[in-house]
Protein chains: 2
Amino acid sequence: MGHAVAEALGDLLKRTLRANLYQALTENIGEGVDEVTYPVLSGLARTGPCSAAELAGEVGLDRSGVSRRASRLEAAGLVRRAPDPDDRRAVLLALTEQGTETVALMRERLAARIEESLRSWPEGEARSFARNLRRFLDEGPFKEV
Amino acid sequence: MGHAVAEALGDLLKRTLRANLYQALTENIGEGVDEVTYPVLSGLARTGPCSAAELAGEVGLDRSGVSRRASRLEAAGLVRRAPDPDDRRAVLLALTEQGTETVALMRERLAARIEESLRSWPEGEARSFARNLRRFLDEGPFKEV
DNA sequence: CGGTGTTGCGTGCGTTGCGCACGCATAAGG
DNA sequence: CCTTATGCGTGCGCAACGCACGCAACACCG
């Protein structure tokens, strides 16, 4: 049982990484966002405005890497650097309106692909799969790893 | 529905990548295998003895990269380079006995972690989750991407 | 109010892995 | 036999990463 899930997860990772899922999703979406910068963009959408250091923890990257990626996104007009009013050292990264739209669009794309492939599933199974996947994430072996 | 799955998948990828799952699994396992070389080792276990070029397609890497990684694994005694008896240009990569044991051990580790976290699930749900995950992979949007 | 340690940020530097392309050895075909 | 194609390893340039430095701004304290 564990083996079956492990095998499937391995395949999932392999395929997503190999195929550069991000690359497919970021195709024709604009100049600044690519498979490299996307995680920062997406992470920023999850966290809301925050510092590069916090975002680094979120996306599992060094602070400097986040900063550099953010610079690219900033140049593309998707991310804005704003001085923290409470601390003049700090810089808050935030999505611009265009950035928000972009990440929404990409999520829409991904969701559409998934929805499409779930369409042929019995309603109940699709629902239980979604629920179980979420549960596996929340309680499973990757909870805190 | 698609959104829920998309969200969960995003989290899954994020966590596995961030946490360097490979790193956790390859801990204390020997000298030559690390999170970089593991995919080659694992891919070789799937394909059986084959050329670096084939393996490259399997793991989604350039042939040269596979060759270099294989060299490391070879130095560690986990992979063996053998001349192809039918074609003296060709080189077949194959797992040594130690390599086979290593990949088996790592899979065991991963499966154990998953098994552990599935233990608290109702038997039927765990089974259906495993089945649906596999099905999602085989029929889903990552089928050929 | 000056001084000292701390925190947050950007960036230079060395390291690492990648893909591309070259050269060499062998196979295949006329 | 000579030409073309195939398979392999490796040098090279590029990109991204983490580390560590320097600078600016806070915080605490005598």
Side-chain angles (χ1 to χ4, degrees), chain A residues 13-14 16-23 26 31-44 47 49-76 79-94, chain B residues 13-14 16-23 26 31-44 47 49-76 79-94:
Chain A
L13 293 175
K14 183 185 71 176
T16 49
L17 292 178
R18 153 161 53 163
N20 273 347
L21 175 60
Y22 290 148
Q23 191 171 346
T26 53
E31 277 306 314
V33 56
D34 56 9
E35 67 276 13
V36 176
T37 51
Y38 174 70
V40 170
L41 199 68
S42 171
L44 204 49
T47 62
C50 70
S51 74
E54 298 175 61
L55 200 51
E58 176 69 19
V59 301
L61 218 60
D62 189 77
R63 180 181 59 81
S64 65
V66 173
S67 180
R68 279 187 264 252
R69 294 185 184 197
S71 296
R72 279 201 244 169
L73 292 168
E74 188 184 20
V79 162
R80 180 181 49 233
R81 273 187 166 98
D84 186 336
D86 298 340
D87 185 341
R88 291 195 307 176
R89 294 172 297 182
V91 172
L92 292 181
L93 281 70
Chain B
L13 293 176
K14 182 186 71 174
T16 49
L17 292 179
R18 150 161 58 159
N20 272 348
L21 175 61
Y22 290 149
Q23 193 171 345
T26 53
E31 277 306 312
V33 57
D34 56 10
E35 67 275 14
V36 176
T37 50
Y38 173 71
V40 169
L41 199 68
S42 170
L44 204 47
T47 62
C50 70
S51 74
E54 296 174 63
L55 200 52
E58 176 68 18
V59 301
L61 217 60
D62 189 78
R63 180 181 60 82
S64 66
V66 172
S67 180
R68 279 187 267 253
R69 295 186 182 195
S71 295
R72 280 202 245 169
L73 291 168
E74 188 183 19
V79 160
R80 179 181 49 233
R81 275 189 165 97
D84 186 336
D86 299 339
D87 185 341
R88 292 194 309 175
R89 296 170 297 181
V91 173
L92 290 181
L93 280 72

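Keep in mind that the numbers below use all heavy atoms, side chains included, and drop hydrogens, waters and symmetry copies. Residue numbering restarts at 1 for every chain, and letters A, B, ... go by the order of the sequence lines.
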| task | Please answer whether the main-chain N or O of B:Y38 pairs with a side-chain N or O of B:S42 as donor and acceptor at a distance below 3.5 Å. | result | no
| query | Within this structure, what is the CG-to-P distance between A:L61 and D:dC19, rounded to whole angstrom? | reply | 11 Å
| query | So A:R81 and A:S67, side chain to side chain contact (heavy atoms under 4.5 Å, CB included) or not? Walk me through it. | reply | CA-CA 10 Å; A:R81 273 187 166 98; A:S67 180; 3.2 Å; yes
| task | Take the protein atom CG of A:D84 and the nucleotide atom C1' of D:dC26, then report the distance between them rounded to whole Å. | result | 12 Å
| request: Report, as a single string ordered 5' to 3', how protein heavy atoms within less than 4.0 Å touch nucleotides 6-11 of chain D: B base, S sugar-phosphate only, - not at all. | output: BSBBBB
| task | Calculate, to the nearest 0.5 Å, the distance between atoms CZ and CZ belonging to B:R63 and B:R68 respectively. | result | 9.5 Å
| message | Rounded to whole Å, how long is the line connecting atom CD of B:E35 with atom C1' of C:dT16? | response | 12 Å
| query | Tell me: CD of A:E74 to C1' of C:dC9, nearest whole Å? | reply | 13 Å
| request: Could you tell me whether the side chain of A:D34 reaches within less than 4.5 Å of the side chain of A:R72, counting heavy atoms only? | output: yes
| remark: A:D84 meets the salt bridge (charged side-chain N to carboxylate O under 4.0 Å, His left out) criterion, sequence neighbours left out, with none
| N or O in side chain of B:R88 less than 4.0 angstrom from C:dA27 OP1/OP2 | yes
| message | Quick check for you: to the nearest 0.5 Å, what is the distance between A:L93 atom CG and A:L41 atom CG? | response | 11.0 Å
| request: Grab the CG-C1' distance between B:D86 and C:dA28 for me, whole Å please. | output: 15 Å
